[in-house]
S.K.: 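What follows is a single structure, and I will ask about it in a moment.
For ligands, and for the atoms within them, numbers begin at 1 and follow the listed sequence.
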Amino acid sequence: MSFMPISLNLKDKPVVIIGGGNIAERKVIKIVSHGAKLTVVSPQLSEKLAELVENQSVQWIQSVYKKVYLDQAFLIIAATNDPEVNLSVYQDRKPNQLITIVDQPELSDFHMVSTLQRGKLTISVSTEGASPMLAKKIVNQLSEEYGQEYEDYVEFLRESRRQIIENIRDKKVCRQFLTELIADDVIYHSEREIWFKNRMQQYIDMQHEQ
Ligand SMILES: C[C@@]1(CC(=O)O)C2=NC(=C\c3[nH]c(c(CCC(=O)O)c3CC(=O)O)Cc3[nH]c(c(CC(=O)O)c3CCC(=O)O)/C=C3\N/C(=C\2)[C@@H](CCC(=O)O)[C@]3(C)CC(=O)O)/[C@H]1CCC(=O)O
Ligand SMILES: NC(=O)c1ccc[n+]([C@@H]2O[C@H](COP(=O)([O-])OP(=O)(O)OC[C@H]3O[C@@H](n4cnc5c(N)ncnc54)[C@H](O)[C@@H]3O)[C@@H](O)[C@H]2O)c1
């Protein structure tokens, strides 16, 4: 079996995590940063999770696991330290609910991946549970090649692409210009906005001459 990587928009989506320990904490911090509506079900919470509950970033149901808590969930994470409880969460889920069981990668519908974020650029690495540490190591290596400068660069690409599509009618020319934008010397160009403006003018002039 192989897992297909996709990017999820979790804004305001209900996510339920069973268990409030170290592993739940790591998952919660990532999920909250993507705007999900998170509920943690657990008799106890780690210190950091308690802080998130305190500042209302996360809702806490102070209880042991019960099936009813899964009702509204879009995603479910079974993250207790009791394999039997994690397994019942798995068995109780509805067919349209996606679940991760932190101690059973092969039963899970999805895995959290190791990611490098540079603004709108996301690089994700997965080993499907074979070695999360290797995933992390590869991300660390990539973080040197794709430094902070990519955040501004990808913003520049987004805006430039919008302008190109708006102003250049010929699809082939459009593609040629878009390809020029991803050359290495553009990434590190100190005055790339000016370069882009001039280049755009050249393309527009060529368009008028035809
Ligand atoms: C990517 C990352 C995201 C995140 O968790 O946020 C993540 N684990 C991370 C770190 C990490 N996890 C573990 C260690 C200790 C070293 C070790 O044991 O290897 C470290 C290293 C560290 O902490 O530095 C132990 C571990 N992890 C799993 C098991 C269960 C098992 O294998 O049975 C055990 C053994 C439990 C035990 O028995 O002790 C299972 C899963 N962990 C996953 C994701 C999913 C598969 C992702 C993939 O393979 O690519 C999957 C299947 C399910 C899931 O949780 O979604 C995050 C990357 C770090 C980062 O980027 O910061
Ligand atoms: N996926 C991963 O990345 C990863 C990494 C390391 C370990 N693990 C696995 O994750 C498990 C949890 O690890 P941890 O370090 O977070 O453990 P932990 O002991 O810190 O936390 C366990 C949490 O589960 C809660 N809990 C226990 N029984 C419960 C129940 N019936 N209902 C609701 N909550 C309940 C506890 O109150 C506690 O908050 C480990 O047993 C291990 O198998 C997974």
Side-chain angles (χ1 to χ4, degrees), residues 1-10 13-36 38-54 57-93 97-119 121-148 150:
M1 187 177 43
S2 73
F3 286 70
M4 187 185 77
I6 56 170
S7 281
L8 280 180
N9 180 355
L10 282 184
K13 294 274 196 306
V15 176
V16 173
I17 302 199
I18 315 298
N22 299 321
I23 300 311
E25 174 183 306
R26 188 172 70 213
K27 315 279 180 204
V28 165
I29 290 169
K30 280 195 188 169
I31 293 171
V32 158
S33 75
H34 291 283
L38 235 153
T39 304
V40 179
V41 177
S42 180
Q44 277 152 359
L45 290 183
S46 73
E47 219 173 287
K48 182 81 199 156
L49 282 176
E51 270 173 39
L52 290 170
V53 169
E54 186 83 8
S57 306
V58 169
Q59 200 200 330
W60 179 27
I61 298 177
Q62 186 172 12
S63 162
V64 290
Y65 167 68
K66 288 181 195 126
K67 186 177 174 177
V68 65
Y69 300 134
L70 302 182
D71 271 357
Q72 305 302 321
F74 172 63
L75 296 183
I76 300 167
I77 298 180
T80 78
N81 53 352
D82 183 337
E84 275 182 37
V85 174
N86 291 344
L87 207 59
S88 358
V89 181
Y90 170 72
Q91 283 156 352
D92 291 345
R93 83 200 193 292
Q97 291 177 313
L98 301 180
I99 188 167
T100 272
I101 310 136
V102 296
D103 53 354
Q104 301 261 12
E106 47 306 307
L107 286 184
S108 301
D109 296 314
F110 70 95
H111 295 154
M112 299 209 21
V113 295
S114 196
T115 50
L116 174 68
Q117 197 78 48
R118 299 286 184 246
L121 172 68
T122 304
I123 301 178
S124 304
V125 180
S126 166
T127 67
E128 295 183 12
S131 171
M133 274 175 118
L134 175 66
K136 190 174 179 176
K137 178 183 163 190
I138 293 172
V139 162
N140 283 338
Q141 288 166 340
L142 289 170
S143 73
E144 287 173 26
E145 189 170 345
Y146 297 91
Q148 297 296 345
Y150 271 79

S.K.: Apply side-chain contact (heavy atoms from CB on, under 4.5 Å) to L49 and W60, showing your working.
M.R.: CA-CA 9 Å; L49 282 176; W60 179 27; over 6 Å; no
S.K.: Could you pull out every protein residue that has a heavy atom closer than 4.0 Å to ligand 1, ordered by chain and then number?
M.R.: R26, K27, K30, T100, V102, D103, P105, H111, M112, V113, S114, S126, T127, E128, G129, A130, P132, M133, A135, K136
S.K.: Hey, are the side chains of T39 and Q72 touching, using non-hydrogen atoms and a 4.5 Å cut-off?
M.R.: no
S.K.: Taking L87's backbone N and O only, do any of them form a donor-acceptor pair with Q104's side chain (distance below 3.5 Å, no angle check)?
M.R.: no
S.K.: Roughly how far, to the nearest 0.5 Å, is the CD1 atom of I61 from the NZ atom of K66?
M.R.: 9.5 Å
S.K.: Please determine whether the number of non-hydrogen atoms from other residues, nucleotides or ligands lying under 6.0 Å from atom NZ of K30 exceeds 12.
M.R.: yes
S.K.: Heavy-atom distance under 4.5 Å between the side chains of L70 and I18, does that happen here?
M.R.: yes
S.K.: Could you check Y65 against D82 for side-chain hydrogen bond (donor to acceptor under 3.5 Å, both in side chains), going step by step and ending with a plain yes or no?
M.R.: CA-CA 11 Å; Y65 167 68; D82 183 337; over 6 Å; no
S.K.: Count the heavy atoms belonging to other residues, nucleotides or ligands that lie under 6.0 Å from CD of E54, then report whether that count exceeds 12.
M.R.: no
S.K.: List ligand 2's nitrogen or oxygen atoms that come under 3.5 Å of a protein nitrogen or oxygen, with the partner atom and distance.
M.R.:
from, atom 1, to, atom 2, distance (Å)
ligand 2, 1 (N), V102, O, 3.4
ligand 2, 3 (O), R26, NH2, 2.6
ligand 2, 3 (O), K27, NZ, 3.4
ligand 2, 16 (O), N22, N, 3.1
ligand 2, 16 (O), I23, N, 2.8
ligand 2, 19 (O), N81, ND2, 3.2
ligand 2, 20 (O), N22, N, 3.3
ligand 2, 32 (N), Y65, N, 3.0
ligand 2, 37 (O), S42, OG, 3.2
ligand 2, 39 (O), G20, N, 3.0
ligand 2, 39 (O), G21, N, 3.2
ligand 2, 39 (O), S42, OG, 3.2
ligand 2, 39 (O), Q44, O, 3.3

S.K.: Is any side-chain heavy atom of L8 closer than 4.5 Å to a side-chain heavy atom of L75?
M.R.: yes
